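Single-structure report; data block below.
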Amino acid sequence: MDTIDKKQFMHLLWRYKRGSISRRHFLGASGLGLATATLAQAMPWLAAPKRAYAAGELGDRLSVATWPNYYDPANYEKFTADTGVKIDVAVFGSNEEMIAKMQAGGTGWDVIVPTNYTISDYVKLGFIEPLELSKLSNFMSNAHDHRFID
């Protein structure tokens, strides 16, 4: 395997950023992409399963509070098709609107999508509970970087 030093790496990086790429590199990268696509097509058994793991334990509805144009309805439709769980969406225009609704007694959302600068407010008000990571086996098995697990 060929290695490059830091200076050569930075030189190549800046060349690529400027859009300067050699014919050899372009053909090599294109060939790798084509080979990957061909292998993916030839091995359909490597694709994700059609049904979500633990779909039987999810119930029949999931309620989400989020922002307008912040999600793709097709993703929710696919989730419903894969799991049988219908997603109810409540859309809010601002963090303040969402907090006010929750303070007025609006509850029942399984998932909320607050903006990160307001998370401490949601915690202080008792609207956010810690996740029980032991119940998220997929999270634990995919957590390669343990800095994110406390």
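Both backbone and side-chain heavy atoms feed into the values below; hydrogens, waters and symmetry mates do not. The structure presented is a predicted model; accordingly, all values stated were derived computationally and were not measured.
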Do the non-hydrogen side-chain atoms of [X] and [Y] ever get within less than 4.5 Å of each other?
{"X": "Tyr71", "Y": "Val91", "value": "yes"}
{"X": "Gln8", "Y": "Asp5", "value": "yes"}
{"X": "Thr66", "Y": "Ile112", "value": "no"}
{"X": "Ile99", "Y": "Tyr122", "value": "yes"}
{"X": "Val113", "Y": "Phe92", "value": "no"}
{"X": "Asp60", "Y": "Val85", "value": "no"}

Checklist outcome for this item: With Tyr76 as partner, the option from Leu62, Asp88, Ile87 fulfilling side-chain contact (heavy atoms from CB on, under 4.5 Å) is Ile87
Indicate the atoms forming the closest heavy-atom contact of [X] with [Y], along with that distance.
{"X": "Gly93", "Y": "Pro68", "result": "CA-CD, 4.4 Å"}
{"X": "Ala90", "Y": "Trp109", "result": "CB-NE1, 3.4 Å"}
{"X": "Ile119", "Y": "Pro114", "result": "CG1-CG, 4.1 Å"}

Item to check | Interatomic spacing from CD in Gln103 to CE in Met98 - rounded to 0.5 Å | outcome: 13.0 Å
Next on the checklist: For the backbone of Phe79 and the side chain of Thr83, can you confirm whether one donor and one acceptor N or O come within less than 3.5 Å of each other?
Outcome noted: yes
Next on the checklist: Please tell me whether Tyr117 and Met102 are part of a single hydrophobic cluster in this structure, the criterion being side-chain heavy atoms less than 4.5 Å apart.
Outcome noted: no
Item to check | Within 6.0 angstrom of Asn69 CG, more than 12 heavy atoms from elsewhere | outcome: no
Next on the checklist: For Asn95 and Thr115, which I'm curious about, is there any donor-acceptor pair between the side chains at under 3.5 Å?
Outcome noted: yes
